[in-house]
2 protein chains.
Amino acid sequence: MGHAKHDYPLDRDQVSDLLEAHGILPTQQRVDIAYVLFQRAQHLAAEQVLASVNAYYGHVSKATVYNTLGLFVRKGLLREVLIEPGRTFYDSNTRDHHHVYDVETGELEDIPASSVAIQADSSIVDGAEVEGMDLVIRIRRHGEAAGG
Amino acid sequence: MGHAKHDYPLDRDQVSDLLEAHGILPTQQRVDIAYVLFQRAQHLAAEQVLASVNAYYGHVSKATVYNTLGLFVRKGLLREVLIEPGRTFYDSNTRDHHHVYDVETGELEDIPASSVAIQADSSIVDGAEVEGMDLVIRIRRHGEAAGG
DNA sequence: TTGGGTGCAAACTATTTGCATTCGA
DNA sequence: TCGAATGCAAATAGTTTGCACCCAA
């Protein structure tokens, strides 16, 4: 847990291998979708994935995008990031990391897990297996004093 | 930041005062809704709030519930918690705290901020004001060895 | 050949909005 | 009184589902 699974960007053959390595049959559409996702570490909503794939590669339907994204999440290839209500972002950064969210611009940035130390009382998770820790640091960048 | 704003449960007068203290006109419906919410620290979806209010107090419409929850969030009386895609939970715990999420049961539990130490490199938030940190620890409780 | 994958459209869920009515300072 | 709050229903946005067709092993 917590190590990089691959680098960016991946070419189509590498994407195909990546899917197979995760037990996913690398069909045309899935490779198209993964190719868009794994160009770099990024946060994309389903709608954006759909638009990118259809703009640059073969046609993919909305249902297939949703099905595929869900599949990738279940297989550990993507991470769901829930920041804004009602919109799921899919995070193609498979490294162990956290997020900084600018509440004013809506910008979402990755920070490596190594730059944050999280220490929880052992009693918190006593007897349970920790699947992961998701930290979101909410910031506002305007340096000005809050007026009123 | 990070101190308790009030205790639980609140009676209707206290709820009314709480709303006024946050610049919210305490109408009948808003007090009904707040009264349900602030019985204790809990995580409720809009639908559950609607059902509770209508079961125990006067009638409130769906739109008013959503409008009111949104208002309470904007005024800092509630916290939005996004764990499951497509469903917003409203957290009536106004104390500084984090969450433990059981990925198998969907159970969501509060843990006081004081039982977790989070130390981020200063460069991460350089020049920005930290609004808050949301930590979700995802666990699974089955003690058994992961088989396959 | 054949079961999984895909596309399409309809269904569904959660949430927001428009507007007429009602409430509260 | 009069602007703000509310209720209702329709609209919207995101996501899921059902089913016929197609493709890859």
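Residue numbers start from 1 in every chain, and the chains themselves are labelled A, B, ... in the order their sequence lines are given, proteins ahead of strands.
Minimum atom distance to the side chain of A:Leu25 is reached by C:dG5, of the listed C:dG5, C:dG7, D:dA5. With C:dT6, D:dG7, C:dA14 as the choices, the nucleotide that has an atom nearest any side-chain atom of B:Thr64 turns out to be D:dG7. Closest to the B:Val60 side chain, of the nucleotides D:dT15, D:dG7, D:dG14, is D:dG7.
Rounded to whole angstrom, the span from the CG atom of A:Leu50 across to the C1' atom of D:dT15 amounts to 13 Å. The interatomic distance linking A:Asn67 (CG) with D:dT15 (P) rounds to 13 Å, in whole Å. Rounded to an integer number of Å, the gap from B:Tyr57 OH to D:dT6 C1' is 20 Å. Rounded to whole angstrom, the span from the CD1 atom of B:Ile24 across to the C1' atom of D:dT6 amounts to 16 Å. If you measure from atom CG of B:Leu19 to atom C1' of D:dA5, you get 14 Å, rounded to the nearest angstrom. Atom NZ of B:Lys62 is separated from atom C1' of D:dT12 by 13 Å (rounded to the nearest Å). Between the CG atom of A:Leu82 and the P atom of D:dA13 there is a distance of 20 Å, rounded to whole Å. Rounded to an integer number of Å, the gap from A:Phe72 CZ to D:dT15 P is 17 Å.
Contact check, B:His59 against C:dT22: no side-chain N or O comes under 4.0 Å of OP1 or OP2. A:Thr68 has no side-chain polar atom (N or O) that falls below the 4.0 Å cut-off from OP1 or OP2 of C:dG5. A close approach under 4.0 Å does occur between a side-chain nitrogen or oxygen of B:Gln29 and OP1 or OP2 of D:dG7. A:Thr27 has a side-chain polar atom (N or O) that falls below the 4.0 Å cut-off from OP1 or OP2 of C:dT6. Here A:Thr88 does not reach the OP1 or OP2 of D:dG14: none of its side-chain N or O atoms lies under 4.0 Å away. Listed pair A:Tyr66 / D:dT16 fails the phosphate criterion, with no side-chain N or O lying under 4.0 Å from OP1 or OP2. At least one side-chain nitrogen or oxygen of B:Arg30 sits closer than 4.0 Å to the OP1 or OP2 atom of D:dA5.
Ring planes of A:His43 and A:His97: tilted class, angle from 30 to 60°. Using a 30° and 60° split on the angle between ring planes, B:His6 and B:Phe38 fall in the perpendicular class, above 60°.
Comparing B:Glu20 and B:Ala63 along DNA chain C, the residue whose closest nucleotide (by nearest heavy atom) sits nearer the 5' end is B:Ala63. Each of A:Pro26 and A:Tyr90 was matched to the nucleotide of DNA chain D holding its nearest heavy atom; the match closer to the 5' end belongs to A:Tyr90.
By the 6.0 Å and 45° rule, B:Arg40 does not stack over the aromatic ring of B:Tyr8.
Between A:Tyr57 and A:Tyr35, a ring centre-to-centre spacing shorter than 6.0 Å is recorded.
Residues A:Asp134 and A:His98 bring no donor and acceptor atom of their side chains to less than 3.5 Å of each other.
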